[in-house]
Amino acid sequence: MQQQFSSDNLAGICPTAWEAMAEARTGHAQPYGEDLWTSRSADAFRELFETECEVFFVFNGTAANSLALASLCQSYHSVICTDTAHIETDECGAPEFFSNGSKIMVAKSLDGKLTSEAIEAIATQRKDIHFPKPRVVSITQPTETGRVYSLDETRALAETCSRLGLSLHMDGARFANACASLKCSPAEMTWRSGVDVLCFGGTKNGMAMGEAVLFFDRSLATDFAYRCKQAGQLASKMRYLAAPWARMFETGAWLANARHANASARRFAQAIEDLPGVNVMSPVQANAVFLRMNEAVSDFLRARGWHFYTFIGGGARFMFAWDAQADQVDALARDIRLAATSLPT
Ligand SMILES: *Cc1c(COP(=O)(O)O)cnc(C)c1O
């Protein structure tokens, strides 16, 4: 199948992750995370984040988010996020399921970002026994709409959380793209800005699969290993989930992959931003570009074989992965130009 830009999950495994898998392929190692690959990768996280955080490896983002939130909540608690948050719209109720009923409370958001005002409004609207008790705020960095919270924005949200007695969870399915975009360190983006728990995505960063859950407040990680096991997320041959991380960090591939993906999104947006009837819906800050375009242009693109979704963020979404090929990005842009300049608007 030729390259498409409907999702960053269409891409394969990057060479660095593949090499690490190959290196771990033979020989015997202890199962269930008691092996050297796993401890090496957990240490690599601690080094990258410049702190002694607790690190767990799970298969995917839904599990990472759901189990992290479940560990922060009792069943009578609530989680505050935006109406476009992956935990609300794309996890099939897993956060509620794994927390035995914690309720997700959404704030309407036009750009996918949560604000202190929205958190405060939801967290303080009721204090009575009949209302689920607010306990956690969850933000996505970068957002599902391709926006990045600045460090100041994250710090402001964290201050609001601490004032209201809430923990701050970050869904970092594309965390590397946010680091590349802000050119800041992982530590600055997270615990130094007040984030308590991070889910760091490996899959969209170029690994075969796997996400890491990092607890900066280590007391929140109590018994988390049991949650992982009970949820079917404790890999017996853990080395294959764990090994790629250390090498991704040592070689810098995690950041190089993210930079390439972000640059591909910018290349695409720049190639089409002046076209009549095609509107880049928000600033391109990570690896996503959302376009508003009329039906005729959309139909033309589909007829030319391009895939894209229109149910996220109110426009046509194009995502660029670690392996985005410039000529294919340009081919898509050319087809949009052709449609926009030749079809009636
Ligand atoms: C991709 C993604 C996830 C993880 O999804 P899985 O399919 O469960 O791995 C989580 N959050 C966001 C914002 C995502 O885009």
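Counting convention: from 1, in listed order, for ligands and their atoms alike.
- For ligand 1, the polar-atom distance check against Asn9 finds no nitrogen or oxygen pair separated by under 3.5 Å.
- Between Met209 and ligand 1 there is no heavy-atom distance shorter than 4.0 Å.
- With ligand atoms numbered from 1 in the order given, ligand 1 contributes 13 (C) to contacts under 4.0 Å with heavy atoms of Thr140.
- For ligand 1, the atoms lying closer than 4.0 Å to a non-hydrogen atom of Asn60 are 8 (O), 9 (O).
- No heavy atom of Thr203 sits closer than 4.0 Å to any atom of ligand 1.
- When the options Gln141, Glu144, Glu211, Met319 are ranked by their closest heavy atom to atom 13 (C) of ligand 1, first place goes to Glu144.
- Counting protein heavy atoms only, atom 6 (P) of ligand 1 is closest to Gly61 N, 3.6 Å.
- The protein non-hydrogen atom at the shortest distance from atom 11 (N) of ligand 1 is Asp171 OD2, 2.7 Å.
- In summary, the atoms of ligand 1 found under 4.0 Å from a heavy atom of Thr62, numbered by their order in the structure, are 6 (P), 8 (O).
- Cation-pi geometry between Arg304 and Trp306 is not satisfied (NZ or CZ under 6.0 Å from the ring centre, within 45° of the ring normal).
- For an aromatic pair to be called close, the ring centres must be under 6.0 Å apart, and Phe200 with Trp245 satisfies this.
- Ring-centre distance between Phe268 and Phe320: below the 6.0 Å cut-off.
- The Lys204 neighbourhood of ligand 1 comprises atoms 1 (C), 2 (C), 3 (C), 14 (C), 15 (O), with distances under 4.0 Å to a heavy atom of that residue.
- Figure legend: cation-pi geometry between Arg25 and Tyr240 absent, as NZ or CZ is not positioned both under 6.0 Å from the six-membered ring centre and within 45° of its axis.
- Taking every heavy atom of Arg174 and a limit of under 4.0 angstrom, the matching atoms of ligand 1 come to 15 (O).
- When ring centroids are compared, Phe49 and Trp191 stay outside the 6.0 Å threshold.
- In this structure, the ring of Phe249 has its center less than 6.0 angstrom from the ring center of Phe45.
- When all heavy atoms of Val213 and Ala68 are compared, the closest pair comes out as CG1-CB, 4.1 Å.
- Classification of Asp35 and Lys237 as a salt-bridged pair fails, no side-chain N sitting under 4.0 Å from a carboxylate O.
- Remark: minimum distance from atom 10 (C) of ligand 1 to any protein heavy atom is reached at His86 ND1, 3.3 Å.
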